[in-house]
Amino acid sequence: MHVAPVGGTAVQDHVALAEIELCGDLIIAASAAGEERLSLESIDEVLRVAEEREGRKLTQGG
């Protein structure tokens, strides 16, 4: 049996952590909506789509 060494060997995947956080945000928003479905606009708001698009425009100089 091989046992992983203790301490300092964990590598964090920042993209995966961000995706997990966004999924959690969607779950919270969906549960708060109750029986209603989230609109596409609501989903975009939760996922901060507009903010991401603005960030891309700024970094691309557009």
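Just so it is clear, the structure is predicted and the values come from calculations on it, not from any experiment.
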Does Glu54 reach the side chain of Lys57, with side-chain heavy atoms less than 4.5 Å apart?
yes
Do any side-chain atoms of residues 42-49 form donor-acceptor pairs under 3.5 angstrom with protein atoms, and if so which ones, sequence neighbours left out?
from: Ser42; atom 1: OG; to: Ser39; atom 2: OG; distance (Å): 2.9

For Glu19, salt bridge (charged side-chain N to carboxylate O under 4.0 Å, His left out) partners two or more places apart
none
What residues, two or more places apart in sequence or in another chain, satisfy salt bridge (charged side-chain N to carboxylate O under 4.0 Å, His left out) together with Arg53?
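Partners of Arg53 under the salt bridge (charged side-chain N to carboxylate O under 4.0 Å, His left out) test: none.
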Please go through Leu40's hydrophobic cluster and name the other residues, only I, L, V, M, F, W, Y counting, with side-chain heavy atoms under 4.5 Å joining them.
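In the cluster with Leu40 there is nothing else; it is isolated.
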Please write out which residues are connected to Ile28 in a hydrophobic cluster, directly or through intermediates, given that two of Ile, Leu, Val, Met, Phe, Trp, Tyr count as joined at side-chain heavy-atom separations below 4.5 angstrom.
none
What pair of heavy atoms forms the shortest contact from Leu38 to Ala29, and how long is it?
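In terms of heavy atoms, the two residues are closest at CD2-O, 3.8 Å.
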